Amino acid sequence: WVTNASALQELNEEVLAEDVHLFRIKPTTQRITWQMGNDYLFGSEHIVTPNEPSGMAIRYYLGSPGRDSVTVTVRDSRGREMATVRGPAEAGLNTIYWNMRAAGGAEGGAPWGGARRGPLDQWAPLGDYTVTLEAEGQRLSRTGTIVKTQGWTIPPAPAVIR
């Protein structure tokens, strides 16, 4: 098995003594996958294993079950809200994933103003993001970084010659 064990490596007596702890966030790669008509026509002789869920893994610890829901907010370097995700309020280690989509992306128009350029506009730009966990009356923040994009790419539209 291959997994991200960074939260377990960071877990110690000090963390276990806290009511709420937000673990460091591993630098993340955006994985852009498309399912074309023939992507899975490989036959039954090929082993297929699932990847870790696509998205930025945000892990936190709660010393006891939360009375209220847990909220994680992701903001870009300018402070613009990219996403708000509700997480489990269970005692112990918890994980949620931010899908790294830009607020107002594919379905809401161009995320950064101006006209949409194509399907990749929905992805948040590479860079640093502030991830804020709100739980049990505490507010903790860490930096999460999108370091690269991997997968299908779409070439720019050819220039129109007049």
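The model shown is predicted, which means the values in this text are computed figures rather than measured ones. Note: hydrogens, waters and symmetry copies are ignored here, and every other heavy atom, side chains too, is used.
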Fill in the blank from the handout: Heavy-atom nearest pair, Thr95 first then Ala57, reads CG2-CB, 4.4 Å

Problem - Pairwise side-chain contact, Val20 with Leu133, heavy-atom cut-off 4.5 Å (strictly under) - result: yes

Exercise for the section: Taking all non-hydrogen atoms of both residues into account, name the closest pair between Val131 and Leu22 and its distance. Expected result: O-CD2, 3.8 Å

Practice task
Could you tell me whether the side chain of Thr29 reaches within less than 4.5 Å of the side chain of Thr149, counting heavy atoms only?
Solution key: no

Problem - Considering all heavy atoms, the nearest Gly144-Met56 contact - result: C-CE, 3.8 Å

Problem - Which atom of Gly55 lies closest to which atom of Tyr97, heavy atoms considered - result: O-CD2, 4.0 Å

Practice task
For Asp128 and Ser77, run side chain to side chain donor-acceptor pair (under 3.5 Å): C-alpha distance rounded to whole Å, both residues' side-chain angles, the deciding distance at 0.1 Å, then the answer.
Solution key: CA-CA 7 Å; Asp128 292 338; Ser77 61; over 6 Å; no

Completion exercise
Rounded to the nearest 0.5 angstrom, the CZ-CZ distance for Arg59 and Arg24 is 13.0 Å

Practice task
Go through Tyr129 and Ile146 one step at a time and tell me if the side chain to side chain contact (heavy atoms under 4.5 Å, CB included) criterion holds.
Solution key: CA-CA 8 Å; Tyr129 293 85; Ile146 302 173; 3.6 Å; yes

Practice task
Over all heavy atoms of both residues, which pair between Pro88 and Asn94 is shortest? Give the atoms and the distance, please.
Solution key: CG-OD1, 3.5 Å

Exercise for the section: Say whether, by atom type as modelled, one donor and one acceptor occur between the side chain of Asp68 and the main chain of Gly66 under 3.5 angstrom. Expected result: no

Handout entry: Heavy-atom side-chain contact between Ile58 and Val85 under 4.5 Å
Key = no

Handout entry: Step-by-step side chain to side chain contact (heavy atoms under 4.5 Å, CB included) determination, Thr71 to Thr84
Key = CA-CA 7 Å; Thr71 303; Thr84 297; 3.5 Å; yes

Exercise for the section: Considering only NZ, NE, NH1 and NH2 on the basic side and carboxylate oxygens on the acidic side, decide whether Lys26 and Glu10 come within less than 4.0 Å. Expected result: no

Practice task
Apply side chain to side chain contact (heavy atoms under 4.5 Å, CB included) to Glu136 and Arg67, showing your working.
Solution key: CA-CA 7 Å; Glu136 298 304 305; Arg67 293 181 302 280; 3.3 Å; yes

Exercise for the section: Please lay out, stage by stage, how Met100 and Thr28 fare under the test side chain to side chain contact (heavy atoms under 4.5 Å, CB included). Expected result: CA-CA 9 Å; Met100 297 181 288; Thr28 307; 3.6 Å; yes

Handout entry: Cluster link Val147 to Trp123, ILVMFWY, side chain under 4.5 Å
Key = no

Exercise for the section: Would you mind listing the cluster partners of Leu11? Hydrophobic ones only (ILVMFWY), side-chain contacts under 4.5 Å, chaining allowed. Expected result: Leu8, Val15, Leu16, Phe23, Tyr61, Leu93

Handout entry: From CD1 (Ile96) to CZ (Arg86), nearest 0.5 Å
Key = 10.5 Å

Practice task
Using distance alone, with no hydrogens and no angle criterion, decide if Thr132 and Thr73 have a side-chain donor and acceptor under 3.5 Å apart.
Solution key: no

Handout entry: Approximate separation, where rounding is to 0.5 Å, of Ser69 OG and Glu134 CD
Key = 9.5 Å

Problem - Spacing of CZ belonging to Arg31 relative to CD belonging to Gln150, to within rounding of 0.5 Å - result: 7.5 Å

Exercise for the section: Please check if the side chain of Gln30 supplies one atom and the backbone of Arg101 the other of a donor-acceptor pair under 3.5 Å. Expected result: no

